[in-house]
Structure formats: C-alpha cells, structure tokens
Amino acid sequence: MFALVCFSINLYICRKPCEHDRARLSATENNPVSFHVSASSPGGVTLLPPCTDQRTDTCPYVVSPLLPSISDLHSFSILTLSLCHSPSLPVLTSRFLPDYISGDFDSITAEVKAFYADKGCRLMETADQDLTDYTKCLAIMLEEIRTQKLQVDTIVTLGGLAGRLDQTMASVETLFHALSMTQLPVLIIQEASLAYLLKPGNHRLRVNTGLEGEWCSLIPVGGPCQTITTGLKWNLNDQVLQFGKLVSTSNTYEPTAPGKPRKPVTVTTDQPLLWSMGILIDGK
Amino acid sequence: MNEEWTPLDCLLPSGKQRICLIILNQPLDKNHLHVLWSKALLRACADGAANQLYNITAGDRDKFLPDYISGDFDSITAEVKAFYADKGCRLMETADQDLTDYTKCLAIMLEEIRTQKLQVDTIVTLGGLAGRLDQTMASVETLFHALSMTQLPVLIIQEASLAYLLKPGNHRLRVNTGLEGEWCSLIPVGGPCQTITTGLKWNLNDQVLQFGKLVSTSNTYEPTAPGKPRKPVTVTTDQPLLWSMGILIDGK
C-alpha cells in the first residue's frame with residue numbers, strides 16, 4: 001500500500017485509452033480518453049483539452065505504468081492542479097480528488113482552490129517559511145497515516161526532479177529530512193527518473209520488475225560516503241564516493257545470463273547516499 | 001576571486017566577457033544558442049549534442065558548425081557525424097570510461113585555448129541540468145573537476161537555470177543584467193560549507209549549509225528602493241558551493 005504526493009511542476013500524465021475509458025465515456029461523447037498535462041500555465045499544471053493524438057511518443061506517461069490503477073491508491077494528495085474547461089473532464093477528475101491540498105497557497109489558482117474546496121478536499125495552509133511545501137506536505141501525510149492508523153509501506157512522490165535546479169535540490173533536501181521524520185521509504189518519481197535516499201546501513205534493492213531503465217547511479221549529495229556495492233556493472237569496493245573525487249553516474253546492472261533474473265543490488269553506506277535509477281517509458 | 005563577476009553577462013548581447021561554448025546533449029533553447037554562439041571564440045559539442053545542434057539549426061546549418069565534436073560517439077547518429085565531418089569539423093573520439101563526455105570535452109576546450117593562445121573569460125555550457133537525474137549530478141561533478149582543471153569560471157545554463165560552482169574563498173556576483181529571474185540558491189552539494197553572504201533576501205550569517213540541516217533554495221535578492229540597482233551578492237565559503245539562479249525567459 002502506498003500514499004501518493006504529487007508535485008505540480010512538469011508533470012506528465014497520459015494514459016493509453018483502455019476499455020473502461022471507452023465504455024464510461026461513450027455517453028459523454030467527447031472522446032477524451034487521453035489528455036496532456038502541461039506546466040505552461042502560471043499556477044502550475046494544466047490539463048489541456050483532451051488530445052485526439054493517440055501516439056504515445058507525443059504523450060509520455062509516468063503514472064500509468066507504475067500504478068496498478070488509480071482506484072487502488074489508499075489515499076493521495078495533489079499539491080497543485082488547475083483545470084481547463086472541458087465538458088468531458090469532470091468525468092475523469094471526479095476520480096482524482098485529493099484527500100488534502102497543503103502549502104502556502106501562493107501557486108494554486110483561485111479557481112482550482114474553489115473547485116477542490118467545493119468537492120470537500122481539505123485545504124491546509126502551512127505558512128512556515130523555513131520548510132518547503134513538499135516537506136510540510138510530507139509531515140501532514142505522516143500525521144494522517146498515524147491518525148488513521150494506516151498500514152503503509154512506501155510514500156511515493158510524483159514530480160520534484162525537474163524544472164528549476166534549486167527545486168530539484170530542495171526535493172533531495174526533503175528526502176534528507178524524511179530520514180528523521182519516518183521509517184517509511186520516501187521516493188520521488190518524475191518522468192524517467194526515480195530518486196531514493198539510502199540511509200546509513202545495508203540495503204538490498206530488487207530491480208526485476210521489468211520497469212527498470214538501463215541506468216542507475218549513487219550520488220553522495222550531502223558529503224562523502226564509504227560505499228560497498230554488489231549487483232552493479234561497476235561496483236564500489238569499499239570506496240569513498242564524493243563530489244570532486246568519485247561519483248557513480250551512468251552505472252548499470254550486472255549483466256546476467258539470458259533468461260536469468262537480475263541479482264538484487266546491495267549497497268552499504270556510512271552516510272545518506274542518493275540512489276537514482278531510470279524508469280522504462282514506453283519500453284525504452 | 002575577489003573582483004566582481006557577472007554570471008549572466010554571457011547572455012547579454014552587449015556583454016563584455018569573451019566566452020567559449022560547450023554544448024551538451026539536451027534540448028537546446030534557440031535564443032540561448034544564438035546569443036552564445038555568436039559571441040563564442042570556440043564552440044564544441046559533446047557527443048549527442050551534435051544531434052541537438054543539427055536538428056535545431058535546420059536550414060542554417062552552415063552557420064553553426066562546431067570547431068570540434070568530442071565524446072565516445074555512442075549518441076551521435078551516423079548521419080549527423082557524417083554531415084559535420086564532411087564540413088571539416090574535427091571529430092575527437094575520447095574513450096575514457098572514467099570521465100564523462102562533458103569532462104573530456106572541457107579538457108579539450110582548455111587545451112585548444114592554450115594552444116591557440118586565446119584570451120577567454122568564461123566557459124559557458126549549454127545543457128546538462130535537466131533530463132536524467134544522474135546526468136544532472138554528473139554535470140555538477142564536472143564543475144568540481146573544473147576547479148582543478150582551470151582558473152576560468154565554468155558555468156552551465158539550461159532553460160531558466162544557471163549553475164556555477166563557487167570555489168572556496170570570496171565571491172562578488174553582479175546580478176543587474178536585467179536577465180536575472182526571481183530566485184537564487186546556494187546548494188552545498190558535496191559537503192558542508194561555512195557560509196557568509198550579503199545581497200540576498202535571506203543571508204547566511206556564518207552558518208553551515210549542509211544537506212539534512214540547511215540548504216538555501218528559493219532564495220531571492222535583497223529588495224532595493226525603486227529605480228536603484230541591485231547590490232552585488234557576496235558569498236564567502238570554505239568549501240566548493242553551488243550557486244544557482246533563475247534566468248528570465250521571455251520576460252518571465
């Protein structure tokens with residue numbers, strides 16, 4: 001079970017139409033089975049009028065292949081989402097009501113705020129200037145999990161790794177904070193990248209879902225890390241990873257005999273170490 | 001360095017800095033490319049960057065021929081490679097697996113500057129801060145290597161972000177070109193930095209910047225009275241510290 005936090009920036013969602021969509025939407029008769037999400041509007045993310053272009057190379061999608069189906073999510077929140085006017089959209093968006101929207105509300109538009117408030121989503125203004133919207137949203141998520149006594153394995157964050165460089169770095173900073181906020185793994189996914197901060201100790205990562213891209217990487221963002229790995233093409237043999245000396249980027253998985261599954265990747269580190277990996281999008 | 005330095009001078013058509021240009025394999029901003037290309041004394045592509053250049057200069061390719069293309073050539077397409085080879089651009093295969101195409105391209109650039117005895121103020125890199133997260137981090141790693149490769153400032157620009165690694169010591173950054181975006185940032189990638197700043201809205205007062213404790217993101221410039229120019233930003237750091245700032249695109 002996991003909880004989902006969404007960022008507003010540069011978020012692309014475009015599902016391939018499935019039979020459920022066609023059946024449900026045939027009544028509304030606007031053929032909106034897929035839609036582009038664009039970051040071009042001020043306020044954050046806009047759902048553009050549904051595209052009729054079904055080619056997947058113009059509709060990159062991140063969310064769909066990774067989530068079994070939206071209805072399986074136990075709870076999720078969306079930080080900022082603005083909607084264009086489209087008669088068909090309410091059919092889709094009524095399935096996407098966040099449990100809460102939090103932040104200092106300097107990005108959400110009045111229209112979007114009113115829409116979600118009207119639908120009963122909680123709006124939680126968090127004015128703390130020293131913490132980012134992401135950190136505050138995560139804090140609320142953890143509190144909700146506690147209050148509702150939910151059994152959760154992972155907190156997944158959508159967005160946060162592209163756009164302004166300082167915001168990418170701020171997302172990584174939130175992962176650092178998360179290490180002292182919760183035992184739950186907190187990971188970030190955007191487009192074809194996943195980021196996960198390994199706390200000091202031993203880790204064993206299964207990389208056999210079939211969704212793994214070619215590359216992976218160990219990045220000592222906060223400082224030097226004494227590192228041992230197995231399962232990578234270029235392993236670290238009790239070496240120090242450190243900016244200016246050695247950073248492991250464009251690494252990949254240890255090759256396996258045809259038909260054999262990949263071995264897990266093991267990582268031992270003495271300091272928090274950022275693991276990053278590619279996600280297959282459209283099989284590439 | 002103690003003198004004032006203007007990070008965005010390179011994007012000002014009237015800017016005074018003499019620059020060399022390295023292009024990395026990312027979608028190119030046409031405006032940035034045109035301004036930088038026209039000012040650059042040397043221009044180079046790292047591997048697949050040649051594909052980007054080839055595509056974006058369609059119809060005008062002869063005006064945008066790089067001095068050299070370097071890398072392990074696993075990204076450049078055969079068609080693009082043949083095109084530029086045919087036009088006399090040098091193709092320099094650099095097979096070193098331990099260094100990235102960017103680092104190798106920078107090394108060649110520095111060698112060319114030396115050999116040709118060029119007077120250069122700044123090396124500008126286009127691309128490298130978006131796409132795969134590990135490649136963004138690899139670009140930052142190249143900036144670290146650059147500190148020991150050259151005294152010249154090496155900076156990276158992609159879309160609306162600029163990144164520049166401040167070496168230990170004092171820095172004075174002019175932020176008055178009119179091209180500065182709203183935000184700026186000091187990011188202690190690589191380890192803790194004892195930091196003092198002036199000229200920012202939220203200054204560091206001899207504080208330690210460190211992931212997990214304090215990172216300065218979404219900062220901005222000290223407000224000034226209407227009509228008055230911004231004061232320079234000064235930064236003192238004891239370790240390499242990544243400065244990042246927004247660039248105005250189309251006035252926003």
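A, B, ... follow the sequence lines: proteins, then strands. Residue 1 opens every chain. Remember, it's a predicted structure, so these values are computed and weren't measured experimentally.
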Which residues pass the side-chain hydrogen bond (donor to acceptor under 3.5 Å, both in side chains) test with B/Gln210, not counting sequence neighbours? none
Out of curiosity, A/Ser193 OG to B/Asp134 CG, how far, rounded to the nearest 0.5 Å? 7.0 Å
Within 6.0 Å of CD in B/Glu111, more than 12 heavy atoms from elsewhere: yes
Select all residues of residues 183-192 of chain B having any heavy atom within less than 4.5 Å of some heavy atom of chain A, and report them by number, or 'none'. B/Trp183, B/Cys184, B/Ser185, B/Ile187, B/Pro188, B/Val189, B/Gly190, B/Gly191, B/Pro192
B/Thr217 (side chain) donor-acceptor with A/Ala170 (main chain) under 3.5 angstrom: no
Between A/Thr168 and chain B, which part of the residue has a heavy atom less than 4.5 Å away: side chain, backbone, both or neither? side chain
Can you tell me how far the CD atom of B/Glu141 sits from the CG atom of A/Leu246, to the nearest 0.5 Å? 7.5 Å
Using atom types as modelled and distance alone, determine if a side-chain donor or acceptor of A/Glu191 lies under 3.5 Å from a backbone N or O of B/Gly131. no
Ring pair (Phe, Tyr, Trp, His ring centres under 6.0 Å) partners of residues 167-195 of chain A, not counting sequence neighbours, each pair once: A/Phe176-B/Phe211
Chain A-proximal positions within residues 232-244 of chain B [heavy-atom distance under 4.5 Å]: B/Leu242, B/Ser244
Taking atom CD of B/Glu93 as the centre, does the number of heavy atoms from other residues, nucleotides or ligands within less than 6.0 Å exceed 12? yes
Begin from the C-alpha positions of B/Ser218 and A/Thr132 and carry the test side-chain contact (heavy atoms from CB on, under 4.5 Å) through to its verdict. CA-CA 9 Å; B/Ser218 291; A/Thr132 60; over 6 Å; no
Kindly check if the number of other-residue, nucleotide or ligand heavy atoms within 6.0 Å of CZ (A/Arg262) is above 12? yes
